Colleague: 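Structure provided below as structure tokens; questions to follow.
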Amino acid sequence: MIEDYLHDVLGEVADFDGGSVADYIELLAEADPDPLAAALCTLDGTVYSAGLRPGDDELEFSIQSISKPFVYAQALQELGADEVIKTVGMEPSGEKFNELSLDGDTNRPMNPMINAGAIATTQLINGEDSGVEDRTERIREFLSRLAGRELAIDRRLVESEYQSTDRNFALAHMLRNYGVIQAEAQDAVRSYIHQCSIMVTTRDLAAMAATLANGGRQPVTRERILDVDVARQTQAVMSSAGMYNAAGRWMVTVGIPAKSGVAGGVLGTLPGQIGLAAFSPRLDSSGNSFRGVQVFQRLSRDMGLHLMAAEPRGRSAVRFITDKDDTTVVGLQGDIGFSAAERLWRTINRHEGLLERVRLDFTRVEGSNPIGRRMLLEGINRLRDQGHVVEVDDPDDVIPRARRDNARFEAMGDTSAEHQLLNQDPHSYDEDFDMGED
Ligand code: GLU
């Protein structure tokens, strides 16, 4: 059901064809502009994904700038925050990602999300004297652990970018001039470009994001890769500087730490809840994936992701599951958003010996959001498809609101199951819904 939802979101943004693929790197300019994918990874390691065309979510593309937060995290993990701060700051720069600028007082790059900061951060990996190959292998290995699979470097892309990277050379010379890096400019740039040319899928990015959201433990492999403090610091820096010049607007409209790259990837983290990713190669004028931003805006709105919205969350949605006579009664509680509904259905699916009659008791549900409601409705329909008779005890009308939210979905699908469901509810609902506030 989550895949269906993601697919609907992709359908909504499919026709936004603004922007264009990055063309300052020859190979990127040749990229197919049309793929569109979205993925999310829960903190217990389930990855859901969808592609507009089948397979779009499995397509590999270069990670580009999305490597920056992860190499920063690697540096923090290996050297500690006190050491890393000597090389790179953590203030938003308010300038273009490849601006030739350093902090006026310290001569350090402002943050690790702009190229000057990223080139300097990369040089912290594997020691000052490391060669390019050893350093980039360390980075490739680290990012592979974060993704939960072996990632490869696209060597053709490295050479292609190397032909048109004068700006990064200028940055590396500037960093050398101020003693921020010791390596030859050419080696520093090559290391950085190698890390940008690591190939990932949208699903990989969701898992990597979820590792940060999960406080540093990779949710699929369960490996602890980062300390909790490192995951927190990385997300904090992403939240102020991750989306190029649009970081402020992003924080208002989407409201979660995020990072995008010029190949069209975007990832976002909702700390303690979920990792998200989208991919679409055409970029807007800020250098962010045009449709990727649209996908995130919709996910944020539907799923109530915005960090500043301060919705209560965290308690398990299932208060109890118990058999009473011929009925399995499931008591729900708290706020039913995405995470709660997702856990609810997984708990129910795992429950051995679900009886034919299932009663969902909503009396302790305090609130819900559109994606939570949609998932409740779809889950109920699924139970019915599996042959269960579903009753709901829903004094606060969570289910009718779900029907209203899903008007578009209903119009497309078979509504008969829902009508039956509503007709057998212990409370009878009007066909006309209250269209007022939730
Ligand atoms: N390799 C690219 C560069 O340094 C990455 C840019 C990006 O994704 O923002 O220009």
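Predicted, not measured: the structure shown is a model, and the values here were computed from it. In listed order, ligands and their atoms are each counted from 1.
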Colleague: Are side-chain N/O atoms of Ser62 and Gln64 paired as donor and acceptor at under 3.5 Å?
Modeller: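 Yes - a donor-acceptor pair under 3.5 Å links their side chains.
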Colleague: What atoms of ligand 1 come within less than 4.0 Å of a heavy atom belonging to Gly261?
Modeller: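 Checking each atom against Gly261, I get 8 (O).
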Colleague: Gln218 and Arg222: side-chain donor and acceptor closer than 3.5 Å?
Modeller: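 Side-chain D/A pair, Gln218 to Arg222: absent.
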Colleague: Does OH belonging to Tyr178 count more than 12 external heavy atoms closer than 6.0 Å?
Modeller: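 No.
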Colleague: Which ligand 1 atoms, with their elements, are less than 4.0 angstrom from a heavy-atom of Asn115?
Modeller: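 Reading through ligand 1 atom by atom, the close ones are 3 (C), 4 (O), 10 (O).
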Colleague: With side-chain hydrogen bond (donor to acceptor under 3.5 Å, both in side chains) as the test, pick out the partner of Ser49 among Thr201, Asp57, Thr202.
Modeller: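 Looking at Thr201, Asp57, Thr202, the match for Ser49 under the side-chain hydrogen bond (donor to acceptor under 3.5 Å, both in side chains) is Asp57.
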Colleague: Looking at CG of Leu267 and CG of Leu276, how far apart are the two atoms once the value is rounded to the nearest 0.5 Å?
Modeller: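 Output value for this atom pair is 9.0 Å.
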Colleague: Purely on distance, is any nitrogen or oxygen of Cys196 under 3.5 Å from one on ligand 1?
Modeller: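 It does not: no N or O of Cys196 is found under 3.5 Å from an N or O of ligand 1.
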Colleague: Check whether any N or O atom of Tyr192, backbone or side chain, sits under 3.5 Å from an N or O atom of ligand 1, and answer yes or no.
Modeller: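 Yes; the residue has a nitrogen or oxygen that sits under 3.5 Å from a nitrogen or oxygen of the ligand.
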Colleague: Side chains of Ile63 and Met208: does their closest heavy-atom pair fall under 4.5 Å?
Modeller: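 Touching, per the 4.5 Å side-chain cut-off.
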Colleague: Which option wins on minimum heavy-atom distance to atom 6 (C) of ligand 1: Gly265, Ser65, Ser260, Ser164?
Modeller: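 Considering heavy atoms of Gly265, Ser65, Ser260, Ser164, the nearest to atom 6 (C) of ligand 1 sits in Ser65.
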Colleague: Under 4.0 Å, heavy-atom basis, I'd like to know which part of Asn168 is in contact with ligand 1: side chain, backbone, both or neither.
Modeller: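 Side chain only.
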Colleague: Please classify the Glu161 to ligand 1 contact at 4.0 Å (heavy-atom distances, strictly less than): side chain, backbone, both or neither.
Modeller: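 Just the side chain.
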Colleague: Closer than 4.0 Å to some heavy atom of Tyr24 - which atoms of ligand 1 meet that?
Modeller: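 It comes down to these atoms of ligand 1: 2 (C), 3 (C), 5 (C), 6 (C), 10 (O).
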Colleague: Backbone N or O of Gly89 within a donor-acceptor pair of the Asn111 side chain at under 3.5 Å?
Modeller: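 Here the side-chain-to-backbone pair does not exist.
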Colleague: Tell me the protein heavy atom at minimum distance from atom 5 (C) of ligand 1, and give that distance in Å.
Modeller: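 Looking at atom 5 (C) of ligand 1, the protein heavy atom closest to it is Gln64 OE1, 3.2 Å.
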